[in-house]
> 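Here's a structure for you.
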Amino acid sequence: MYDHRQIEKKWQEQWVNSHLYQIQDDKSLPKYYVLDMFPYPSGEGLHVGHPKGYIATDIIARKKRMEGFQVLHPMGWDAFGLPAENYAIKNKVHPKVAMDKNIKNFKRQLNLLGFSYDWSREINTTDPSYYRWTQWIFLQMWRKGLAYESFAPINWCPSCQTGLANEDLEDGHCERCGTLVEQRPMRQWVLKITDYADRLLTDLDKLPDWEEAIKEMQRNWIGRSEGTEIEFKISNSEDIITVFTTRVDTIFGCTYVVLAPENELVQKLKASIKNWSEVEKYIEEVKNKTDLQRTDLNKEKTGMVLDGVLAINPFNQEKVEVYVADYVLNSYGTGAVMAVPAHDERDFEFAERHNLLIRRVIVDESKRVDFEIAYTDDGELINSGDFSGLSSKEAREKMSDYLVSINKGRKKINYKIKDWVYSRQRYWGEPIPLIHCDKCGVVAVPEENLPVILPEVESYQPTGTGESPLAAITDWVNVDCPQCGGQAKRETNTMPQWGGSCWYYLRYLDPKNDQDLVASDKDKYWSPVDLYVGGAEHATRHLIYARFWHKFLFDIGVVNYDEPFTRLKHVGLIMGEDGRKMSKRWGNVINPDDMTERFGADALRIYEMFMGPFDQAAAWNTNGLSGTRKFLEKVNNTSFDLSIKEDRKIVSLLHKTIKKVSEDINEFHFNTAVSALMILINAITEYRQAKQLSPLTREQWDSFLQILSPFAPHLSEELWSQNGHESSIFLSSWPIYEEKLIKDEVTNYIIQVNGKLRAQIEMPAEASEDEVITKAKADVNVVKWLEGKEIKKSIYVSGRLVNFVV
RNA sequence: GCCGCGGUGGCGGAACUGGUAGACGCGCUGGACUUAAAAUCCAGUUGUAGAGAUACAGUGCGGGUUCGAUUCCCGCCCGCGGCACCA
């Protein structure tokens with residue numbers, strides 16, 4: 001039994017004292033930037049699931065250093081946000097006090113696991129010297145018109161009493177507290193991420209080392225769709241209904257037009273709507289529905305005709321009725337659609353229910369016609385005037401061109417992604433650095449006055465009025481206008497939790513710079529992040545926001561590259577022993593402190609890597625951890641108390657293992673890398689027991705310790721020093737396998753008859769096809785199956801097998 | 001509904017570009033050591049039949065291609081994740 005407590009403590013102290021992981025910014029070396037998604041330091045501390053990704057990046061960082069790279073591997077804290085604030089409200093403690101305590105605990109826990117972070121670059125998003133730059137970036141966006149004030153209805157969480165972005169919702173509920181979100185009109189600061197939608201989408205193709213799944217999630221979230229805007233003039237009126245459609249080819253099948261209930265045009269048309277009182281009543285009903293009720297696909301489609309209003313189809317001058325119906329969303333496209341019930345499921349459903357005309361204009365001869373459902377595929381146009389006979393695809397082109405020629409429409413691209421609601425009516429966030437002046441309007445806080453420090457308040461309680469608790473601090477709110485010097489008021493909303501995390505990876509490059517966000521030469525050397533590891537839940541939140549900010553920073557010349565993360569890997573969750581998500585609620589949380597105390601950090605690290613494929617969820621099993629501990633015991637027991645007799649086979653296995661472990665680490669196949677290390681140590685142990693000899697020389701054993709060291713840094717360092725080395729194993733060079741040692745002297749051939757395995761034979765590696773086949777035919781087990789039969793064909797695969805077809 | 005990923009022993013999982021299915025680990029069974037237990041070590045562990053050699057079946061289901069399929073193709077079933085009245 002080795003004393004992991006003593007060994008791990010000893011080396012952790014030694015590594016800190018020798019500044020082993022502090023980088024020197026030696027720009028002559030090749031660089032490697034490996035980054036973890038920095039944690040939100042919650043009061044509960046880490047459970048064993050959190051460090052899984054950190055273990056992987058630590059393994060990579062250690063290996064890369066040994067391969068001669070200058071490695072940047074930093075850590076910091078994403079410390080603004082609601083949980084700390086809610087805790088503060090409940091316990092009357094300043095969120096900063098609670099956060100500092102949590103951070104201390106997190107750091108202690110991370111250090112227990114022996115991570116090789118360069119703590120000299122630690123950052124904290126709540127540090128004024130940090131959020132100065134978060135505010136600075138916001139101001140640059142505001143100057144470029146990318147941050148704007150909006151009064152449109154937004155998602156409002158009645159429990160957190162704040163507005164939320166679309167990305168903060170889960171199935172219509174607040175992502176933080178689970179409360180059903182309402183729509184509420186409110187003044188908000190909004191970031192125009194839609195201006196970047198197209199680049200965010202197309203540039204995904206420049207990221208071959210991102211997992212396809214994550215890219216696909218972003219593509220869906222951005223939701224680009226190409227279509228056509230078409231103007232329907234209203235009969236006997238100058239008003240125009242503009243609709244968006246991706247299927248202009250179906251327009252001859254348009255039998256009515258639908259407006260979203262919130263569409264401004266409805267109010268504008270009031271005078272000409274004969275049944276206004278009914279329409280008004282319907283709109284009122286819709287307003288009282290929650291978003292969830294409205295978007296429930298199973299409910300019947302409701303709506304109301306606008307009596308007296310007719311819209312003119314620009315293609316055939318047909319006058320069609322106009323409806324309001326809540327199956328049309330005001331927030332997408334133009335808030336109005338042309339309804340083609342024959343070729344759209346939703347329109348079909350509505351038309352059936354309201355007995356509206358269904359006119360078929362697309363057919364496909366090769367497919368069965370079913371009049372019970374809408375036909376939504378492409379086909380050939382019929383009953384479509386001059387466009388009849390065209391394919392859907394051709395028609396979309398020609399009809400769009402036609403619309404342009406008669407000045408009644410145009411091609412248009414729409415996105416599902418919405419502008420980012422960026423302000424929060426809460427306390428614990430970065431103050432938005434703007435000032436409202438009656439005379440000058442909205443004015444920026446001068447850059448030399450940044451940061452706008454988050455002031456102390458009496459109460460953190462949210463107000464629910466649309467203002468944050470900061471509004472109550474009058475001597476902070478009231479300021480002189482930086483432009484005219486007159487009386488003005490500060491913006492009191494704060495930024496969302498995602499603000500500080502949009503650019504933190506840049507600050508690690510130059511954490512103490514008080515002139516610039518990051519010095520350009522440092523960005524040029526270190527950027528982009530070579531490897532970024534974190535949870536998939538950030539695919540459509542942090543990872544989209546950060547790419548958006550990064551592209552903006554690139555556009556204004558702050559950074560040198562337009563994508564921040566070259567390679568992205570997502571970590572699979574570690575579930576509780578019961579298979580459920582680890583949570584206090586289920587009582588299934590496993591604490592890493594207990595596990596390192598009982599089994600050691602090295603055993604824990606190896607176990608988490610060995611559990612299964614890195615990106616897959618896996619249930620915790622403490623028995624498995626005792627297995628990896630046993631493996632380390634075997635390593636520890638492999639000492640040089642025996643005389644050395646180099647064994648060709650084991651040396652060959654060592655070199656195969658060096659090859660496999662090196663490749664597997666690069667590919668994130670940590671589980672099979674660990675397995676390879678186990679196979680090797682089992683072979684060595686067996687040999688030692690059988691022959692009472694050491695099959696490897698000290699130098700060869702050193703190589704084994706080196707490939708083990710990223711996984712089990714403490715024990716490897718200990719055994720390395722016991723083996724006579726004065727300097728750290730992590731300052732040594734990663735071993736390189738020898739090709740000639742990997743080649744086997746004998747090859748194992750499998751012999752099949754009719755594809756079934758019947759025998760195995762060993763042949764010298766250089767044996768010829770004829771030799772192998774002759775020997776195979778002679779094998780007793782094969783003879784049995786060939787007797788009295790005619791060999792029709794012999795298949796020979798060099799180095800692998802022989803198959804006789806009889 | 002759409003998109004993505006997956007389905008292999010009692011369990012986690014392995015299997016290179018089609019070539020010994022079940023590596024490695026856990027668990028379990030038997031044995032050694034011990035007064036006993038733990039720890040450790042040894043043997044076994046996909047199913048069926050057999051004392052065994054061995055034979056047959058077997059990677060969600062049904063087909064196909066191939067000398068040979070967990071791997072490729074077609075059609076299904078199930079699970080997980082994301083998106084969703086987005087026109």
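Note that the coordinates shown come from a computational prediction; the quantities given were computed from them, not determined experimentally. Residue numbering restarts at 1 for every chain, and letters A, B, ... go by the order of the sequence lines. As a basis for the values below, the full set of heavy atoms in this structure was taken, side chains included, without hydrogen atoms, waters or symmetry mates.
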> How about A:Tyr196 and A:Trp420: are their ring centroids closer than 6.0 Å?
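Distance test on ring centres: not under 6.0 Å, no.
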
> Quick one: label A:Glu212 by what it contacts on the DNA or RNA (base, sugar-phosphate, nothing), any heavy atom closer than 4.0 Å.
nothing

> More 5' along RNA chain B: A:Lys756 or A:Thr302, using each one's nearest nucleotide?
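It is A:Lys756 whose nearest nucleotide is closer to the 5' end.
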
> Can you tell me the Watson-Crick or wobble partner of B:C72, both distances under 3.5 angstrom?
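The answer is B:G64, by the H-bond criterion.
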
> Describe the nucleic acid contact of A:Val805 in one word from base, sugar-phosphate, nothing, applying a heavy-atom distance below 4.0 Å.
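Sugar-phosphate, backbone atoms only, no base.
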
> Does a salt bridge link A:Glu226 with A:Arg224, judged by any charged N lying under 4.0 Å from a carboxylate O?
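Salt bridge flag = yes for A:Arg224 with A:Glu226.
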
> Which nucleotide, if any, forms a Watson-Crick or G-U wobble pair with B:C5, using both distances under 3.5 Å?
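Pairing partner, where one exists within any strand: B:G79.
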
> Touch check for A:Glu349, heavy atoms < 4.0 angstrom, all strands: base, sugar-phosphate only, or nothing?
nothing

> OP1, OP2 of B:G68 versus side-chain N and O of A:Arg800: anything below 4.0 Å?
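False: A:Arg800 side-chain N/O out of range (4.0 Å or more) of B:G68 OP1/OP2.
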
> Could you measure between the two C1' atoms, the one in B:C5 and the one in B:G18, and give it in whole Å?
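Going atom to atom, C1' in each nucleotide, I get 23 Å.
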
> Syn or anti for B:G9, given that syn means the glycosidic angle lies within 90° of 0?
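You should classify B:G9 as syn.
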
> Hey, does A:Gln760 reach any base, or is it just sugar-phosphate, or nothing, if we go heavy atoms under 4.0 Å?
base

> On a whole-Å scale, what distance lies between the C1' atoms belonging to B:C16 and B:A84?
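The answer is 40 Å between these two C1' atoms.
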
> Please determine, for B:U35, whether a Watson-Crick or G-U wobble partner exists with both distances under 3.5 Å, and give it or none.
none

> Between A:Leu259 and A:Ala336, which heavy-atom pair has the shortest distance, and what is it?
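Answer, listing the atom of A:Leu259 first, then A:Ala336: CD2-CB, 3.6 Å.
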
> Please determine, for B:A15, whether a Watson-Crick or G-U wobble partner exists with both distances under 3.5 Å, and give it or none.
none

> What contact category does A:Val258 fall into here, base, sugar-phosphate, or nothing, at under 4.0 angstrom with non-hydrogen atoms?
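The residue A:Val258 makes no contact with any strand.
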
> Taking any strand in view, what nucleotide pairs with B:A84 in a Watson-Crick or G-U wobble way, both distances under 3.5 Å?
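Looking at the geometry, B:A84 pairs with no nucleotide.
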
> With rounding to whole Å, what would you report as the distance between B:C77 and B:C42 at their P atoms?
50 Å

> Quick one: is the NZ or CZ of A:Lys412 closer than 6.0 Å to the six-membered ring centre of A:Phe244, and within 45° of its axis?
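Verdict for A:Phe244: no cation-pi partner in A:Lys412.
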
> Taking the P atom of each, how far is B:G1 from B:C11, in whole Å?
31 Å

> Taking the C1' atom in each of B:U40 and B:C33, what is the distance between them to the nearest angstrom?
9 Å

> In the strands shown, is B:G44 matched to any nucleotide by a Watson-Crick or G-U wobble pair with both distances under 3.5 Å, and which?
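By the stated definition (distances under 3.5 Å), B:C28 pairs with B:G44.
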
> Quick one: label A:Trp620 by what it contacts on the DNA or RNA (base, sugar-phosphate, nothing), any heavy atom closer than 4.0 Å.
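If one applies the 4.0 Å heavy-atom cut-off, A:Trp620 turns out to touch nothing in the nucleic acid.
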
> Could you check whether A:Arg629 gets within reach of a base, just the sugar-phosphate, or nothing at all, counting any heavy atom under 4.0 Å?
nothing

> So, is A:Asn671 close to the B:A14 phosphate, meaning a side-chain N or O under 4.0 Å from OP1 or OP2?
yes

> Between the base of B:G6 and the side chain of A:Gln616, is there a donor and acceptor pair under 3.5 angstrom?
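By the distance-only test, no, there is no pair.
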
> Counting the atoms with a prime plus P, OP1 and OP2 as sugar-phosphate, which does A:Ala213 contact under 4.0 Å by heavy atoms, base, sugar-phosphate, or nothing?
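The answer is sugar-phosphate, as A:Ala213 gets under 4.0 Å only of primed atoms, P, OP1 or OP2.
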
> For B:G31 versus B:A53, give the span between their C1' atoms, rounded off to a whole number of Å.
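To the nearest whole Å, 24 Å.
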
> Base, sugar-phosphate alone, or nothing: which one does A:Asn623 contact when heavy atoms must sit under 4.0 Å apart?
sugar-phosphate

> At under 4.0 Å between heavy atoms, what does A:Ile679 touch on the DNA or RNA strands: base, sugar-phosphate, or nothing?
sugar-phosphate

> Please give the nucleotide sitting opposite B:U54 as a Watson-Crick or G-U wobble pair, both distances under 3.5 Å, or none.
B:A49

> Do A:Arg353 and A:Glu349 sit within salt-bridge range, that is, some charged N less than 4.0 Å from a carboxylate O?
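Here A:Arg353 does not pair with A:Glu349 in a salt bridge, since their nearest N and O are not under 4.0 Å apart.
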
> Taking the ring centre of each residue, are A:Phe350 and A:Tyr256 less than 6.0 Å apart?
yes

> What does A:Lys792 touch in the nucleic acid at a heavy-atom separation under 4.0 angstrom: a base, only the sugar-phosphate, or nothing?
nothing

> Select base, sugar-phosphate, or nothing to describe what A:Gly627 touches, counting heavy atoms under 4.0 Å on all strands.
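Contact class for A:Gly627: sugar-phosphate only.
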
> Looking for any heavy atom pair under 4.0 Å, which part of the strands does A:Asn414 touch: base, sugar-phosphate only, or nothing?
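Here A:Asn414 touches no strand at all.
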
> Report which part of the nucleic acid A:Asn748 touches: base, sugar-phosphate, or nothing (heavy-atom distance under 4.0 Å, all strands).
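It contacts base atoms.
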
> Can you tell me which nucleotide in B:A84, B:C41, B:C24 comes closest to the side chain of A:Trp221?
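Per side-chain heavy atoms of A:Trp221, the pick is B:A84.
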
> Looking at A:Phe252, I'd like to know if the NZ or CZ of A:Arg360 sits under 6.0 Å from its six-membered ring centre while staying within 45 degrees of the ring's axis.
no

